[in-house]
Amino acid sequence: MLNSAKPPPGVITAEPEPITLDWPATALVIIDMQRDFMEPGGFGETLGNDVSQLARAVQPIGAVLKAARETGMLVVHTREGHLPDLSDAPPAKVERGAPSLRIGDPGPMGRILIRGEAGHDIIPELYPLDSEIVIDKPGKGAFYATELADVLEKYGIENLLVCGVTTEVCVNTTVREANDRGYRCVVISDGCASYFPEFHEMGLKMIKAQGGIFGWVADSAAVLEAMKTSTTQG
Ligand code: C5J
């Protein structure tokens with residue numbers, strides 16, 4: 001936690017300031033914890049990244065996911081990826097850079113970043129339950145060209161606990177999209193990770209700077225403590 005003093009019941013010790021959430025109106029959103037980003041041979045590695053950098057987020061996400069499941073919180077998992085015919089993949093994305101394999105090419109976990117392939121799926125440690133929502137997204141943000149806004153509205157969600165990978169790409173993009181749509185976003189700092197530790201740090205700073213211009217940042221221990229002590233838990 002950010003400081004050692006116990007917060008009042010239900011209050012998340014966060015930056016830039018503590019926040020109290022209406023828990024029945026809160027969803028846990030887990031961004032792109034897919035084999036394509038987390039494991040060797042996937043999209044992340046084709047871009048030249050050291051995928052071992054992301055492993056640190058798995059345990060904190062698992063702890064919050066367990067607590068969310070116990071309290072009946074709405075859980076949303078997202079997956080970045082494209083249709084097999086690449087009709088939803090802009091050429092500007094597919095043709096970019098000089099990766100070792102491009103989106104759609106065959107790799108050790110199936111075609112890179114393609115829906116239905118092994119690499120596109122979520123890692124076993126955080127695998128969604130049948131009752132949980134999985135949003136397939138073609139972009140970095142989870143709202144772009146998806147049904148996420150409709151799902152959140154249907155469940156009366158006003159607040160998002162956001163975690164996943166990578167901090168500065170899909171987590172940041174989704175938080176910015178959500179902030180513009182009026183959601184309070186609490187980003188779980190140790191439940192996010194980047195291939196570049198300095199981008200992780202800056203990605204979190206960008207969210208909480210200027211009085212929380214995009215949202216709040218708290219660690220998993222602070223979120224778990226607030227969930228445990230809250231009296232409004234669903
Ligand atoms: C990236 C993501 N980094 N999930 N996707 O391309 O952050």
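Order of appearance sets the numbers: ligands from 1, and atoms from 1 within every ligand.
- For the pair Thr174 (side chain) and Val171 (backbone), a donor-acceptor distance under 3.5 Å is absent.
- Summary of contacts: the protein heavy atom closest to atom 7 (O) of ligand 1 is Thr166 N, 2.9 Å.
- Looking at Val165 against ligand 1, only its backbone comes within 4.0 Å, counting heavy atoms.
- Checking each of Asp121, Asp36, Asp88 against Arg115 for a salt bridge (Lys or Arg N to Asp or Glu O under 4.0 Å) leaves exactly one that passes, namely Asp88.
- Between Lys93 and Glu80 a salt bridge is recorded (basic side-chain N to carboxylate O distance below 4.0 Å).
- The environment of CD in Glu153 is sparse: at most 12 heavy-atom neighbours from other residues, nucleotides or ligands sit within 6.0 Å.
- For atom 1 (C) of ligand 1, the closest non-hydrogen atom of the protein is Phe37 CE2, 3.5 Å.
- One finds the CG atom of Leu148 at 4.5 Å from the CZ atom of Phe143 (value rounded to the nearest 0.5 Å).
- Summary of contacts: the protein heavy atom closest to atom 6 (O) of ligand 1 is Lys140 NZ, 2.8 Å.
- The distance criterion of under 3.5 Å between nitrogen or oxygen atoms is met by Asp32 with respect to ligand 1.
- Listed by number with element, the atoms of ligand 1 under 4.0 Å from a non-hydrogen atom of Glu80 are 1 (C), 2 (C), 4 (N), 5 (N), 6 (O).
- The distance criterion of under 3.5 Å between nitrogen or oxygen atoms is not met by Phe43 with respect to ligand 1.
- Heavy-atom contacts of Cys170 reach the following atoms of ligand 1: 2 (C), 4 (N), 5 (N), 7 (O) (cutoff under 4.0 Å).
- Asp219 and Ser189 form no side-chain donor-acceptor contact under 3.5 Å, judged by distance and modelled atom types alone.
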